[in-house]
Q: 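My questions all concern the structure below.
Each residue takes its place number in the sequence, starting with 1. This structure is a prediction, so every number in the text was calculated from the model and none was measured.
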Amino acid sequence: MSAAVRAGWRIGAAAAALRGRAGRPLSQAAGEGSGAEGGGGSGSREAVERLVREHPVVVFMKGSPAQPLCGFSNAVVQILRLHGVEDYRAHDVLQDPDLRQGIKNYSNWPTIPQVYLNGEFVGGCDILLQMHQNGDLVEELKKLGIRSALLDAEKDQEKK
């Protein structure tokens with residue numbers, strides 16, 4: 001990845017995340033899939049474990065991808081969108097206080113949003129933004145079999 005293109009992506013991603021541009025819905029609507037079936041309440045360790053492992057990319061956020069309800073959740077959605085990640089599970093912790101506390105206990109991380117890749121906790125908005133900026137997110141997505149849309153954007157730039 002060229003330094004000029006990477007720098008452009010950093011600036012564009014940060015600006016887009018901070019502006020909070022509206023976008024089309026991506027994953028699940030608010031509240032969908034937040035409940036747990038059996039094995040304790042939605043905030044139990046077992047229930048959270050099932051949610052974290054249900055899909056290669058899982059986000060616990062405030063609101064939904066279509067309507068994030070905090071700037072940090074919006075930034076995570078925008079970063080995923082920039083990379084072309086549309087197939088992920090989003091869980092609105094505002095719809096379920098037990099899940100909200102349960103995910104914090106599970107990860108030992110006090111804030112929302114929280115991002116999981118292949119069942120592993122990555123971090124929150126700040127970590128995802130840093131991974132985006134330094135190119136690590138492209139590599140992590142590749143491990144999941146997801147080709148970042150930014151790679152295609154780079155090819156388009158090189159053709160010009």
Side-chain angles (χ1 to χ4, degrees), residues 9-10 13-14 16-151:
W9 289 336
R10 275 185 285 217
L18 293 174
R19 272 196 311 270
R21 294 183 298 179
R24 60 187 167 88
L26 293 177
S27 190
Q28 298 176 338
E32 270 185 59
S34 293
E37 298 170 14
S42 59
S44 72
R45 183 160 191 82
E46 296 80 18
V48 170
E49 178 85 19
R50 277 195 301 274
L51 294 176
V52 163
R53 298 202 177 280
E54 77 181 351
H55 198 270
V57 181
V58 179
V59 179
F60 294 87
M61 61 184 292
K62 293 178 181 175
S64 69
Q67 188 173 12
L69 296 177
C70 83
F72 297 113
S73 292
N74 184 53
V76 166
V77 168
Q78 294 300 327
I79 290 167
L80 292 173
R81 187 173 289 147
L82 281 169
H83 285 270
V85 180
E86 295 184 19
D87 183 20
Y88 63 95
R89 296 295 176 267
H91 298 282
D92 182 357
V93 300
L94 297 178
Q95 298 295 317
D96 187 343
D98 291 335
L99 178 61
R100 184 177 186 174
Q101 187 58 49
I103 194 62
K104 291 177 183 182
N105 294 343
Y106 180 83
S107 63
N108 197 28
W109 190 263
T111 60
I112 303 293
Q114 293 187 17
V115 178
Y116 290 78
L117 299 179
N118 216 21
E120 301 223 7
F121 178 59
V122 172
C125 173
D126 54 343
I127 304 297
L128 198 67
L129 180 58
Q130 182 180 28
M131 290 175 69
H132 165 72
Q133 291 172 336
N134 67 21
D136 288 347
L137 186 54
V138 170
E139 295 305 314
E140 290 302 315
L141 291 173
K142 185 188 243 182
K143 291 177 187 176
L144 301 176
I146 300 170
R147 179 176 169 79
S148 172
L150 295 181
L151 295 175

Q: To the nearest 0.5 Å, what is the distance between CG on L99 and OH on Y106?
A: 12.5 Å
Q: Provide the closest heavy-atom pair for L144 versus P56 in the form atom of the first, atom of the second, distance.
A: CD1-O, 3.9 Å
Q: Just how far is it from atom NE2 of H132 to atom SG of C125, taken to the nearest 0.5 Å?
A: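 Result: 11.0 Å between the selected atoms.
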Q: Should the heavy atoms of other residues, nucleotides or ligands under 6.0 Å from CD of Q101 be counted, would the total exceed 12?
A: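 Correct, the count exceeds 12.
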Q: Going by atom types only, do N134 and Q130 share a side-chain donor-acceptor pair under 3.5 Å?
A: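 Looking only at side-chain atoms, Q130 and N134 do not form any donor-acceptor pair under 3.5 Å.
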Q: Take atom CZ in F72; do more than 12 heavy atoms of anything else shown fall under 6.0 Å from it?
A: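 12 or below, so no.
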Q: Is there a donor-acceptor pair under 3.5 Å between the side chain of S73 and the backbone N or O of M61?
A: no
Q: Roughly how far, to the nearest 0.5 Å, is CG of L137 from CG of L128?
A: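 Nearest 0.5 Å value for the CG-CG distance: 5.5 Å.
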Q: Do H91 and E54 have side-chain atoms, one donor and one acceptor, less than 3.5 Å apart?
A: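 A donor-acceptor contact under 3.5 Å links the two side chains.
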Q: Grab the two heavy atoms, one from V58 and one from H55, that are nearest each other, plus how far apart they are.
A: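 Scanning both residues completely, I find the closest heavy atoms to be CG2-O, 3.5 Å.
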Q: What heavy-atom pair brings V52 and G119 nearest, and what distance separates the two atoms?
A: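 Taking V52 first and G119 second, the nearest heavy atoms are CG1-O, 3.4 Å.
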Q: Can you tell me how far the CD atom of E46 sits from the CG atom of L51, to the nearest 0.5 Å?
A: 12.0 Å
Q: Below 3.5 Å, can you tabulate the donor-acceptor pairs from side chains in residues 109-118 to any protein atom, sequence neighbours excluded?
A:
residue : atom : partner : partner atom : Å
W109    : NE1  : T111    : OG1          : 3.1
Q114    : OE1  : S107    : OG           : 2.9
Q114    : OE1  : Y116    : OH           : 3.1
Q114    : NE2  : S107    : OG           : 3.2
Q114    : NE2  : W109    : O            : 3.2
Q114    : NE2  : T111    : O            : 3.2

Q: Mind listing the closest non-hydrogen atom pair of D98 and S42 along with its distance?
A: CB-OG, 3.6 Å
Q: Looking only at non-hydrogen atoms, find the nearest pair between K104 and R100 and report the distance.
A: CG-O, 3.3 Å
Q: If I take atom CZ from residue R53 and atom CD from residue E120, how far apart are they, to the nearest 0.5 angstrom?
A: 7.0 Å
Q: Rounded to the nearest 0.5 Å, what separation is found between the CG atom of D136 and the NZ atom of K142?
A: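 It comes to 12.5 Å.
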Q: Just wondering, do L129 and I79 contact through their side chains at under 4.5 Å, heavy atoms?
A: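 Yes, their side chains come closer than 4.5 Å.
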Q: Do you know the tightest heavy-atom contact between I127 and V122?
A: CG2-O, 3.5 Å
Q: Does any part of the side chain of H83, heavy atoms only, come nearer than 4.5 Å to the side chain of I146, both counted from C-beta?
A: no
